Amino acid sequence: MTMDKSFDAAAAEARISAEWERRNAFAAGANARRSETFTVMIPPPNVTGSLHIGHALNNTLQDILVRWHRMRGFDTLWQPGQDHAGIATQMVVERRMAERQEPGRREIGREAFTAKIWDWKRESGGTIINQLKRLGASCDWSRNAFTMSGAPGAPAGEEGNFHDAVIRVFVDLYNKGIIYRGKRLVNWDPHFETAISDLEVENREVPGHMWHFKYPLAGGETYEYVERDADGNVTLRETRDYISIATTRPETMLGDGAVAVHPSDARYAPIVGKLVEIPVGPKEHRRLIPIITDEYPDPDFGSGAVKITGAHDFNDYGVAMRNGIPLYTLMDGKARMRADGLSYAESAAIATRAAQGEDVGDVAAVNLVPEDLRGLDRLEARRRVVDEITAEGLAVTYLHKEIEPETGAEHLERRPMIEAKPIMQPFGDRSGVVIEPMLTDQWFVDTARIVGPALEAVRDGRTQILPEQHRKVYFNWLENIEPWTISRQLWWGHQIPVWYDEDGNQYCAPTEAEAQAMAPGRTLTRDPDVLDTWFSSGLWPIGTLGWPEPTEALKKYFPTDVLVTGFDIIFFWVARMMMMQLEVVGDVPFRTVYVHGLVRDEKGAKMSKSKGNVIDPLTLVDAYGADALRFTLTSMAAMGRDPKLGPKHVEVNRNFVTKIWNATRFAEMNGVRGGGARPQPAHTVNRWIIGETARILMATDEALASYRFNDAATGLYAFVWGKVCDWYVEFAKPLFDGEHAEETRATMGWVLDQCFAMLHPIMPFVTEELWALTAERDRMLVHGDWPELGAELIDAEADRQMNWVIALIEGVRSARAQMGVPAGAKLDLIVTEADEAARAALAANGPLIERLARVNAPADGAAGRGMIAVSVQGASFALPIGDVIDAAAETARLQKAVQKSRKDAEGLQRRLSNPKFVENAEAEVIEETREKLAALEDDIARLEAALVQLAAM
RNA sequence: GGGCGGUUAGCUCAGCGGUAGAGCACUACGUUGACAUCGUAGUGGCCACUGGUUCGAUCCCAGUACCGCCCA
C-alpha cells in the first residue's frame, strides 16, 4: 500500500475523533499507569458561546498538557463544562423570543421563561462542545458539567450537584456574616435593569462636555475671592456672591447634597460652612446646601469646588458617607428621571431641613426632580437644566469676540463656558449602555474577610502564577478589593436562598421548607434576585467534582494541577476561585495558574466584530486542519506575549504537517516499519540520530514542564524538519542498499515513532493517523507511551563525525553554488590534506558525502589549476571545476571567507589577551574560547594556503 | 494619576551575561530514489537612546523617548 501524497485532514479528523470517542480514550484515568494524578479544569465557556480564537489557544494549551501527562501514564482528568452565563443567556433567549414575536418574559412569567432557557440550552447549548471536539480537545466529555445543573426546574439530564453546592456555600457564608444585604451605591445597568459588579463595567473615554455654573451664596452674601500663583503673589482678587462649580452631568445637580472644597483651599476658607443655592428647580423652592470640606476635591482641578451628589457618583458617595450628606435618588431603573415619591415642593422642603442640619430620616421617598422633568430621559433632562440655568444668567460665561470681515466691526458677546473634553464613562460590558451608579438594596460578599488566605497562598507559593508578572496584578487587585455585589435582578441564575417575612426579617436556608421552619407561622416571600454567574463559577473546581458530596473524584483530583486561562479573567474568576475554595474547603483550587496572552490579528490589533478582523478558528481548521492551527497557536504561545495570528502562519504549519507526512511516506516506500524497540545500530548516522532524538525529547520535556509551549513547538519543528528530513532521511538514502540497510530501516522506524509521540500532544490527528499507518499497534497513540530517553544515548563520537560531514557537505555546496557550478554536475573531490579524525569520518561516510555533495569518491591528490578550495576542520579539499575557472571570482570568495574568519578570530584573540578575562572568566568559557580560536586559525590557514596556490597558477 | 509590559533582519517574533536566531518576504540556482504544501545557496541587524555594573551587556541596573495594556 502506498500512502497518499498528503494528509487529508478533514477526513482523518472526523474518523479519528470518532474512534477516540468510541474507545473512551479521554475518560478520567484512561491509560493511567501510575498513581499520580493530573487534573485540569476547563475555563467553562458560556453556554451561549461559540468557539473563538481565544478558546482555540486556551484549549490547545490545556490539551497539550493533558495529552502529555496521559501518555506519561498519569491518572489524568480534563474536566469540561459550561457556564450558564446569566445576563448573556437571558439576553440571547429574550432576543430570540422577540424575533419570533412571542410574548416577552414578563408576560409569561419567571417559571415559563426559565423553562424556555432550558429548552434553548437543550437545542443550542452544545455548539461549543462540538467545536472543541473538532479542535481535538481530549476532555472527559462524559463528565461534562454545567453551573446550573440541579437547579429547580432543570429538566431530565440536567441533574447534578452544582445548584446544591452554590446554595450551600451561600447559606454558609450568610451564616458566617460574610454575605450580607445592604443599600449601597452599585453599578446599575439601565438596559437589563440589574446591578452588575464593578468588573462588568468597562470605562471608556468618550467626548463629553464640562459645564461651569455659579452656585449663589444664600441671602446674597459676598466674600473676597483671591487667587494666587505658586509664589503666593495675588493674581486675581474680586468680590463674589457665588461659588463656581464644574460638572459633566448637570442633571444630577438636582440631587446635590453639598458643595465640597479641599480643607487646605484658602480661596474658599471664608465661606466654608455657609449655604449656597442650587441654581436649578422652581424659583420658589430653591434648595440650599452647605459648603463642606473633604480631602476628595482637587484644588488644582477646575474651580477646586465639587458638587456632591451622593446617590449618583461613586466619589461623591464616599464624600457623602464621610460627611453625613443625604443621598437623593433622581433616577429610576431605566435611568429616567424619577416620577415616584413626594412632590417636588414637599421634597425640597425636606432637603432644605436636612441641609440645615436636621435629621430627616430615610429620604427614599424624597424626589427632587421638578414635576416638569419627571419621567424624562436623563439626557433630555440635562438639556433642560442647562437651558434654564443659562437663561437665568447663572452659567459661567466668557467674552466671545467676533469681527465682521467686511466692516471690521467687533461684536462682543458673553457665552456660557462649555468645555468640550473627553470624559471617562462607564459602559455595561454586555449591554453596551451607559452604567448609572444607583442606590439600591443588594447582596454583597464581604471580600475583605476571605481575601487573606487567597493572598497568602500565592505569596507562599502553594499556588504559582505564571508568568510571574501577573502575580503583581493579582496582589494589587486583592489588596485593594471592594465588596462584591453578587445579586442580579435577573431570572436566569441561582435564586438567592433568602426569604422575608411580613416585617422584612431574613431567613436564609437551603430550601423554603427549612426557611419556613425557622419562621413558624409567618408568611414568607423569597428574594427574587439571582446570584452573579461568577459566584457559581467561583466554585467550579469543587463543584465539578461532586462537592458537597465527598466523592471519590473530589478526593482524587482536587486540588487541581494547573489552570490555563487568559489574563482578562484573573479578577473575575481566578481570584474568586482562590478565595472561595480556600474559604469553603480550606485548600487552593490549583497549584499553578498559567496565564496566556490574547490572540491578536497579524497587525497586533485586538480582534473585534466592529473592526471586522475576527479570525474564525473553524475556518482555519477547515482550510488547513486542526493540527496546523494547534501547532501555530502553540508555537506563538511565548509566555507573557500576545500571539499575532494570520492565515499565513497556519499555512506554513500545514506545510509542516505535509512534511512529516511525506517523510513517513518515503520511509514506508523503503520498507521502514514502526513499532520496533530502540535499535542499537553500528553506523554513525544511525547512532547520531538516536542521540539527536534523545536530545530533542529532553528539551521538549523541559519546555513543557516549564510551560514554554513555543519552545516545545519550535524545537520539534527544527528537529523534524531540520534534522530528520533535511539530513537523516537524505543520509539514509544511500544506506538502504548496503550492509547497514536493516539497521537503518529499524532506526528510521524508531525515530519516526518517537516523532509521532513527541508531536502528538500538539498535533494529535496527523500523528495518530501516521501511527496507525506505520505498524500494527496494540494501542492508539493517544494512549501510547511518551518516550523516555536519556543523555546516555548521545554518542559523542557519532555527533562529532556527523557534524563534520555536514560541514563538509555544506562547504562543497556553498563553493559550488558561489562558483556557478551546475547543480547536476558531479565533481571530483580531491583530499589535499586531512588529519586522522577527518580521514576516519571520510572513510565511514563516503557514500553519504558523495551523494549529498554530488562528488565522486574522495581521493588524495594535490590542488591544481581549475580547482576551487574547500576547507573543513582538520582537512582541505580541492574541487576541479574545469579549465575555465574564474580565478578572480574564486579569489574573492576565499578572501571574503578569510575576512570573516579573521574578524571573528580577532575578537576572540582580544578577549584572550585581556588578562582580566583570563583571571575572571570561568575556566570552561576560557577553554571554549581557545578552542574556537584554534578552529578559526586552522580555517584561516587553510583558506590562505588555497589563496596562495590560486595566485601561483 | 497608579500599576504592568514592549522597542532585536523589510514583516511577525524567539533569545535574556560569553559579540545574534527562526519563519515569512527577497535574490540566484534547481525536478538528485518522500515532499514545489519542496530542495540548495545567498542578501539582510550600531539588538530604541544615554549612562552604570562587569574581564565581558541585546541580556542586569538607572534614566530618556516612543508604543501598548490594566486600574482609577
Side-chain angles (χ1 to χ4, degrees), chain A residues 2-3 5-7 198-199 201-203 298 301 314-315 424 426 467-473 475-477 480 567-568 570-571 597-598 600-606 624 628 632 635-636 638-646 648-649 651-670 672 708 710-711 713-715 717-718 721-722 725-726 729-730 732-734 736-737 809-810 812-824 826 851-854 903-904 906-908 910-922 924-926 928-929 932:
Chain A
T2 356
M3 287 167 58
K5 259 190 121 173
S6 64
F7 174 56
D198 45 3
L199 287 178
V201 174
E202 239 177 73
N203 288 296
D298 175 1
F301 187 80
F314 284 97
N315 289 316
M424 290 304 285
E468 292 226 339
Q469 69 223 37
H470 289 290
R471 276 165 59 98
K472 293 183 195 164
V473 180
F475 289 142
N476 200 304
W477 191 69
N480 299 293
F567 60 85
D568 49 330
I570 291 180
F571 306 144
L598 179 82
R600 298 167 176 278
D601 74 6
E602 308 152 89
K603 296 187 201 103
K606 228 179 195 168
Y624 304 110
T632 305
S635 62
M636 296 194 303
M639 215 188 278
R641 295 288 285 249
D642 288 342
K644 291 176 192 165
L645 178 76
K648 186 78 199 163
H649 300 124
E651 192 187 325
V652 166
N653 289 311
R654 187 274 319 270
N655 295 352
F656 178 53
V657 171
T658 308
K659 188 74 181 177
I660 187 169
W661 177 270
N662 274 297
T664 308
R665 178 163 169 263
F666 165 78
E668 202 247 359
M669 287 161 61
N670 285 279
V672 170
R708 287 182 287 109
N710 60 318
D711 284 350
T714 49
Y717 185 97
W721 201 312
C725 295
D726 287 350
V729 167
E730 295 303 324
K733 286 174 182 174
F736 280 141
D737 298 326
I809 292 166
E810 284 178 340
V812 172
R813 281 174 176 170
S814 177
R816 291 174 59 121
Q818 286 180 57
M819 294 308 293
V821 177
K826 206 165 185 191
R851 184 186 183 88
L852 297 194
R854 290 198 69 75
K903 199 180 150 221
D904 291 350
E906 272 164 28
L908 296 174
R910 213 174 308 129
R911 248 155 81 191
L912 283 166
S913 56
N914 179 352
K916 285 180 179 169
F917 172 70
V918 185
E919 270 166 48
N920 295 307
E922 286 169 52
E924 265 178 49
V925 173
I926 297 172
E928 215 177 283
T929 311
K932 267 192 219 160

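Below, read A as the first sequence line, B as the second, and so on, with proteins coming before strands; counting in each chain starts at 1. Bear in mind that the values here come from a model prediction, so they are computed numbers and not experimental data.
Between the C1' atoms of B/G39 and B/G33, the separation comes to 14 Å (whole Å). Rounded to a whole angstrom, the distance from the C1' atom of B/C4 to that of B/G10 is 31 Å. With P as the reference atom, B/C26 and B/C67 are 32 Å apart, rounded to whole Å. Taking the C1' atom of each, B/C46 and B/A20 are spaced 13 Å apart, rounded to whole Å.
Taking 4.0 angstrom as the limit, A/N920 places a side-chain polar atom (N or O) nearer than this to OP1 or OP2 of B/C55. In terms of phosphate contacts, A/N670 brings no side-chain nitrogen or oxygen within less than 4.0 Å of OP1 or OP2 of B/A34. Phosphate contact (OP1/OP2 of B/U19, side-chain N/O of A/K932, threshold under 4.0 Å): present. Note on A/W721: a side-chain N or O is less than 4.0 Å away from OP1 or OP2 of B/G39.
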* Asked: RNA chain B in dot-bracket, Watson-Crick or G-U pairs under 3.5 Å, [ ] crossing, | other strand?
  -> (((((((..((((....[..)))).(((((.......))))).....(((((..]....)))))))))))).
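Within the nucleic acid shown, A/D904 has no heavy atom closer than 4.0 Å to any nucleic acid atom.
Taking the six-membered ring for Trp and thresholds of 30 and 60 degrees, A/H470 and A/F567 have nearly parallel ring planes, at less than 30 degrees apart.
Across the protein-nucleic acid pair, A/D711 atom CG and B/A22 atom P stand 15 Å apart, rounded to whole Å.
For B/A34, its base sits under 3.5 Å from the side chain of A/K733 at one donor and acceptor pair at least. For A/Q818 against B/A28, a side-chain-to-base donor-acceptor contact under 3.5 Å is absent.
Looking only at atom types and distance, the side chain of A/R911 has no donor-acceptor partner in the side chain of A/N914 under 3.5 Å away.
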